[in-house]
Amino acid sequence: MTAVYTAYLRTEVQHPLDGFGALHPKVEQPYAAGSIWTSSIFPDRVPAGQVLFTTFVGVASTRPRPASRKKCRKPPCTRS
């Protein structure tokens, strides 16, 4: 998965951006997993009059990893 950062002039974006972003469900088979409206959360990260988006594109592995089969070691017993 890759993060792509894009900036636009605020006047070019018609959406009110009154949230934190959007996620795209896997069943819709999107190219992007979702976007965070970075400038809505952190307004000081962009110059005045601009908006910044962080979009996550590509594929992340969703296969579960096999559990480790390490043997548990018990701490040694101590007697006083």
Side-chain angles (χ1 to χ4, degrees):
M1 185 161 293
T2 302
V4 177
Y5 303 93
T6 52
Y8 298 94
L9 293 174
R10 182 63 183 104
T11 56
E12 295 175 346
V13 179
Q14 295 179 8
H15 192 281
L17 303 177
D18 54 358
F20 65 89
L23 295 175
H24 308 285
K26 187 176 179 179
V27 296
E28 293 180 5
Q29 300 179 350
Y31 178 73
S35 294
I36 297 173
W37 305 329
T38 311
S39 54
S40 294
I41 303 168
F42 306 106
D44 295 336
R45 293 197 180 177
V46 292
Q50 293 186 15
V51 293
L52 177 65
F53 301 110
T54 303
T55 304
F56 300 95
V57 297
V59 179
S61 175
T62 56
R63 285 188 298 172
R65 294 182 181 181
S68 174
R69 295 194 180 259
K70 293 180 182 177
K71 292 184 179 180
C72 294
R73 287 192 326 169
K74 294 181 180 178
C77 294
T78 57
R79 295 185 184 174
S80 40

Sequence neighbours left out, what pairs pass side chain to side chain donor-acceptor pair (under 3.5 Å) with at least one residue falling in residues 5-21?
->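 Listed by first then second residue: nothing to list.
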
Could you list all the side chain to side chain donor-acceptor pair (under 3.5 Å) pairs where at least one residue sits in residues 32-56, not counting sequence neighbours?
->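 Qualifying pairs: S35-T55, T38-T54.
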
Verify side-chain contact (heavy atoms from CB on, under 4.5 Å) between I36 and F42, making sure each step is shown before the conclusion.
-> CA-CA 11 Å; I36 297 173; F42 306 106; over 6 Å; no

Are I41 and F56 connected in a single hydrophobic cluster, I mean Ile/Leu/Val/Met/Phe/Trp/Tyr linked by side-chain heavy atoms less than 4.5 Å apart?
->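 Yes, it is one cluster - the side chains of F56 and I41 are joined through contacts under 4.5 Å.
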
Scan V46, V13, L9 and name whichever one has a side chain to side chain contact (heavy atoms under 4.5 Å, CB included) with V51.
->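 For V51, the side chain to side chain contact (heavy atoms under 4.5 Å, CB included) test succeeds with only one of V46, V13, L9, which is V13.
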
